**Student:** 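Mind looking over this structure? Questions follow.
Please read all numbers here as calculations on a predicted model, not as lab measurements.
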Amino acid sequence: MTRTALQQGLDDAGRKALRRAVRMEWATIAFLAVTIPVVGIVTGSSQAMRAAWIEDMLSLAPPIAFLVAVRVMSRMANPRYPYGYFRSVGVAHLVAGVALLTMGAFLLIESASTLIRGERPPIGSVEIFGQSVWLGWFMMAVMAATIPLPIWFGRVKMRLARQLHNKVLYADADMNKADWMTAVGSIVGVGGIGLGLWWADAAAAIFISGSILWDGVKNTKGSITDLMDTRATTFDDAEPHPDIDQIHDHLSSLGWVDEVRTRTRDQGQFFHVEAFVRPRKGRMPRLSQLERASAECRELDWKMHDVVIVPVREFPETASARSGES
């Protein structure tokens, strides 16, 4: 069977991780397909429950975006798209981030308005086997049942996101963390109503919407900077990616290289590296040496999908030295 562009770029461990990530995303969608209608049934007039229900619906965005991006980025490069379709990961990341940002802002404003107006959400009762049961118990039970799986999903996806260097998967893992925190917040809000604290529901809704908004801001910012070709960073945008230093170290070890600078763009799981090298005096490299050096750099890590080595007299101002060097 012919491998796709994505499969060709990954090593064996990466292909295995990708298959597991796809399974995890389908499992997440299946979980949400059950959770969303059940939470919707017991939502009632609780602001916190309504925010949690909307947050569950928004949780569909990252896994769907990931699955679509994986399918698109698997296409082979062509004359119209000479760099391939790897940027689809960045586009999917942006779509998920904007969805979270927009809905988080809407819910925050609505929840704050409810608190300011002092609205007291009524939670009624239902008759079961001749006994009157407070609906809040059902709300809290449903939300408690939705906590364990998102915790597990988030931990597994976080490991896979680190291994695959996939920021959409990282955003989804972050969203799973928000899911179980949201469930806890809604339980506190509904429980507060039961204790006579009318403001607890709106306060919990503000906490939930604030969490959604923060996820939206963080992911939108990260996706935009990646699409604008900021310097390649780790999957969580915490620091420059260490693979760049490996390129510097390897090229600097070659006998004909005096100094190295790089420009690295993150194309979504894969890097495009422009390595500018200043040859030692009287040691201008042959074409075969440049080709071999490029191939060796690509072998350092499967993420080094495209490495271009350019001998220069002077480095471009925008090219970067090794981390910690000026």
**Student:** Could you walk me through whether Ser88 and Met73 pass side-chain contact (heavy atoms from CB on, under 4.5 Å), step by step?
**Tutor:** CA-CA 6 Å; Ser88 58; Met73 71 188 292; 3.3 Å; yes
**Student:** Under a 3.5 Å threshold, yes or no: a donor from one side chain and an acceptor from the other, between Ser59 and Asp179?
**Tutor:**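 Yes, side-chain donor-acceptor contact under 3.5 Å.
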**Student:** Take Phe235 and His241 through the ring pair (Phe, Tyr, Trp, His ring centres under 6.0 Å) test and state the conclusion after the steps.
**Tutor:** CA-CA 8 Å; Phe235 76 105; His241 202 283; 9.2 Å; no
**Student:** Strictly distance-based, threshold 3.5 Å: is any side-chain N or O of Gln289 a donor or acceptor partner for the main-chain N or O of Arg286?
**Tutor:**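 Between the backbone of Arg286 and the side chain of Gln289 there is a qualifying donor-acceptor contact (under 3.5 Å).
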**Student:** For the pair Asp174 and Lys218, find out whether any cationic side-chain nitrogen is under 4.0 Å from an anionic carboxylate oxygen.
**Tutor:**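 Yes, charged N to carboxylate O under 4.0 Å.
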**Student:** Would a distance-only check, ignoring hydrogens and angles, find a side-chain to backbone donor-acceptor pair under 3.5 Å from Thr225 to Gly222?
**Tutor:**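 Looks like yes, one N/O pair under 3.5 Å.
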**Student:** Does Asp237 pair with Lys167 as a salt bridge, N-O distance under 4.0 Å?
**Tutor:**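 Between Lys167 and Asp237 there is a salt bridge, with a charged N closer than 4.0 Å to a carboxylate O.
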**Student:** Identify whether Val308 and Tyr81 are in the same connected component of the hydrophobic contact network (ILVMFWY, side-chain heavy atoms under 4.5 Å).
**Tutor:**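 Hydrophobic grouping puts Val308 apart from Tyr81.
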**Student:** Does either side chain, that of Arg263 or that of Thr318, offer a donor lying less than 3.5 Å from an acceptor on the other one?
**Tutor:**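 Indeed, the side chains of Arg263 and Thr318 share at least one donor-acceptor pair under 3.5 Å.
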**Student:** Report whether Val68 and Leu160 are members of the same hydrophobic cluster (ILVMFWY, side-chain heavy atoms less than 4.5 Å apart, transitive linking).
**Tutor:**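 As far as the 4.5 Å side-chain criterion goes, Leu160 and Val68 are connected within one cluster.
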**Student:** Once rounded to the nearest 0.5 Å, what's the spacing between atom CZ of Arg50 and atom OG of Ser186?
**Tutor:**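 OG of Ser186 is found 14.5 Å from CZ of Arg50.
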**Student:** Phe270 vs Trp302 aromatic rings, parallel, tilted or perpendicular, using cut-offs 30° and 60°?
**Tutor:**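 Judged by the thresholds at 30° and 60°, the geometry between Phe270 and Trp302 is perpendicular.
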**Student:** Of all heavy-atom pairs between Ala200 and Gly192, which one has the smallest distance, and what is that distance?
**Tutor:**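 The answer is CB-CA, 3.7 Å.
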**Student:** Can you find a pair of side-chain heavy atoms, one from Phe271 and one from Met304, that are under 4.5 Å apart?
**Tutor:**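 Of all side-chain heavy-atom pairs linking Met304 with Phe271, at least one is under 4.5 Å.
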**Student:** To the closest 0.5 Å, what do you measure between CG (Leu290) and CD1 (Ile309)?
**Tutor:**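 Rounded to the nearest 0.5 Å, the CG-CD1 separation comes to 6.5 Å.
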**Student:** Under the side-chain contact (heavy atoms from CB on, under 4.5 Å) rule, what do Val277 and Val310 come out as? Steps first, then yes or no, please.
**Tutor:** CA-CA 6 Å; Val277 296; Val310 185; over 6 Å; no
**Student:** Of the non-hydrogen atoms in Met284 and Pro311, which two are nearest, and what is the gap between them?
**Tutor:**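 Closest pair (atom of Met284, atom of Pro311, distance): SD-CB, 4.4 Å.
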**Student:** Please report the C-alpha distance between Val190 and Met49 in whole Å, then the side-chain angles of each, then the deciding distance to 0.1 Å, and finally whether the side-chain contact (heavy atoms from CB on, under 4.5 Å) criterion is met.
**Tutor:** CA-CA 8 Å; Val190 173; Met49 289 294 295; 3.8 Å; yes
**Student:** Do Ile193 and Val42 land in one hydrophobic cluster if side-chain heavy atoms of ILVMFWY residues count as linked below 4.5 Å?
**Tutor:**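 Yes, it is one cluster - the side chains of Ile193 and Val42 are joined through contacts under 4.5 Å.
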**Student:** Considering all heavy atoms of both residues, which atom of Val260 and which atom of Ser252 are nearest to each other, and what is their separation?
**Tutor:**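 Here Val260 and Ser252 meet closest at CG2-OG, 3.6 Å.
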**Student:** Is there a side-chain contact between Glu25 and Asp172, using heavy atoms and a 4.5 Å cut-off?
**Tutor:**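 They are in side-chain contact.
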**Student:** Determine the minimum heavy-atom distance between Ala183 and Ile147, stating which atoms define it.
**Tutor:**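 The pair with the smallest heavy-atom distance is CB-CG1, 3.6 Å.
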**Student:** For Trp199, does the CH2 atom have more than 12 heavy-atom neighbours from other residues, nucleotides or ligands under 6.0 Å away?
**Tutor:**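 No, the 6.0 Å shell around CH2 holds no more than 12 heavy atoms from other groups.
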**Student:** Indicate yes or no: at least one non-hydrogen side-chain atom of Glu55 is less than 4.5 angstrom from one of Leu58.
**Tutor:**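 Result no, sub-4.5 Å side-chain heavy-atom pair not found.
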**Student:** Just by distance, do the side chain of Arg75 and the backbone of Tyr85 share a donor-acceptor pair under 3.5 Å?
**Tutor:**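 Answer holds: no.
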**Student:** Can you find a side-chain donor-acceptor pair between Gln246 and Asp249 that sits under 3.5 Å?
**Tutor:**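 Result is no, nothing qualifies.
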**Student:** Which pair of heavy atoms, one from Gln163 and one from Ala13, lies closest together, and at what distance?
**Tutor:**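 Looking at all heavy atoms of both residues, the shortest contact is NE2-O, 3.3 Å.
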**Student:** Between Val273 and Asp306, is there a side-chain heavy-atom distance shorter than 4.5 Å?
**Tutor:**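 Asp306 vs Val273: side chains apart.
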**Student:** Quick one: pull up NZ in Lys157 and CE in Met175 and give me the separation to the nearest 0.5 Å.
**Tutor:**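 Between atom NZ of Lys157 and atom CE of Met175 there are 10.5 Å.
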**Student:** Would you please indicate if the ring centroids of His272 and Tyr83 are separated by under 6.0 Å?
**Tutor:**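 Ring-ring flag for His272/Tyr83: true, centres closer than 6.0 Å.
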**Student:** What orientation do Phe153 and Phe31 show, parallel under 30°, tilted 30 to 60°, or perpendicular over 60°?
**Tutor:**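 Judged by the thresholds at 30° and 60°, the geometry between Phe153 and Phe31 is perpendicular.
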**Student:** Is it true that Met139 and Phe207 fall in one hydrophobic cluster, defined by side-chain heavy atoms closer than 4.5 Å?
**Tutor:**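 Yes, because Met139 and Phe207 connect within a single hydrophobic cluster, where side-chain heavy atoms sit under 4.5 Å apart.
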**Student:** Which value, rounded to the nearest 0.5 Å, describes the distance between Ser320 atom OG and Phe315 atom CZ?
**Tutor:**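 Here the interatomic distance stands at 11.5 Å.
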**Student:** State whether a side-chain donor-acceptor pair under 3.5 Å links Asp266 with His165.
**Tutor:**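 His165 and Asp266 do have a side-chain donor-acceptor pair below 3.5 Å.
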**Student:** Do the side-chain N and O atoms of Glu296 and His250 include a donor-acceptor pair separated by under 3.5 angstrom?
**Tutor:**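 Yes, because at least one side-chain N or O of Glu296 sits under 3.5 Å from a partner of the opposite role on His250.
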**Student:** Sequence neighbours excluded, which residues qualify as salt bridge (Lys or Arg N to Asp or Glu O under 4.0 Å) partners of Arg87?
**Tutor:**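 Once residues adjacent in sequence are excluded, the partners of Arg87 under the salt bridge (Lys or Arg N to Asp or Glu O under 4.0 Å) criterion are Asp229.
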**Student:** Are Arg298 and Ser294 linked by a side-chain donor-acceptor pair shorter than 3.5 Å?
**Tutor:**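 Side chains of Arg298 and Ser294: pair found under 3.5 Å.
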**Student:** Do Leu32 and Ile29 pass the side-chain contact (heavy atoms from CB on, under 4.5 Å) test, and can you show the C-alpha distance, the side-chain angles, and the key distance before you say yes or no?
**Tutor:** CA-CA 5 Å; Leu32 291 172; Ile29 292 173; 5.8 Å; no
**Student:** Distance-only, no hydrogens or angles: does the Trp180 side chain make a donor-acceptor pair with backbone N or O of Thr146 under 3.5 Å?
**Tutor:**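 Pair absent, no side-chain N/O of Trp180 close to backbone of Thr146.
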**Student:** Would you call Arg261 and Glu259 a salt bridge, taking side-chain N to carboxylate O under 4.0 Å as the test?
**Tutor:**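 So Arg261 pairs with Glu259 through a salt bridge.
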**Student:** Considering residues, nucleotides and ligands other than Arg155, do more than 12 of their heavy atoms fall under 6.0 Å from its CZ?
**Tutor:**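 Counting neighbours around CZ of Arg155, 12 or fewer heavy atoms of other residues, nucleotides or ligands fall under 6.0 Å, so no.
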**Student:** Under 4.5 Å between any side-chain heavy atoms of His248 and Thr262, yes or no?
**Tutor:**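 Contact flag for His248/Thr262 side chains = yes.
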**Student:** Supply the atom-to-atom distance Thr28 OG1 to Phe66 CZ, rounded to the nearest 0.5 angstrom.
**Tutor:**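 Reported value, rounded in 0.5 Å steps: 10.5 Å.
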**Student:** For the residue pair Lys303 and Thr264, confirm or rule out a side-chain donor-acceptor distance under 3.5 Å.
**Tutor:**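 No.
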**Student:** Treating Ile, Leu, Val, Met, Phe, Trp and Tyr as nodes and any side-chain heavy-atom pair under 4.5 angstrom as an edge, say whether Trp152 and Met181 lie in one connected cluster.
**Tutor:**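 Linked, Trp152 and Met181 end up in one cluster.
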**Student:** Is there a donor-acceptor contact under 3.5 Å linking the side chains of Ser211 and Lys177?
**Tutor:**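 The answer is no; no qualifying pair exists.
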**Student:** At what distance, to the nearest 0.5 angstrom, does CD1 of Ile41 lie from CD1 of Ile36?
**Tutor:**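 With rounding to 0.5 Å, CD1 (Ile41) is 12.5 Å from CD1 (Ile36).
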**Student:** Quick check: do Ile151 and Asn176 have side-chain heavy atoms less than 4.5 Å from each other?
**Tutor:**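 No. Closest side-chain heavy atoms not under 4.5 Å.
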**Student:** Within a strict 4.5 Å, meaning less than it, do heavy atoms of the Asp243 and Leu300 side chains meet?
**Tutor:**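 Heavy-atom side-chain distance check fails, nothing below 4.5 Å.
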**Student:** Cut-off 3.5 Å, side chains only: do His93 and Asn219 have a donor facing an acceptor?
**Tutor:**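 Short answer, yes.
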**Student:** Which pair of heavy atoms, one from Leu169 and one from Ala21, lies closest together, and at what distance?
**Tutor:**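 Looks like CD2-CB, 3.9 Å.
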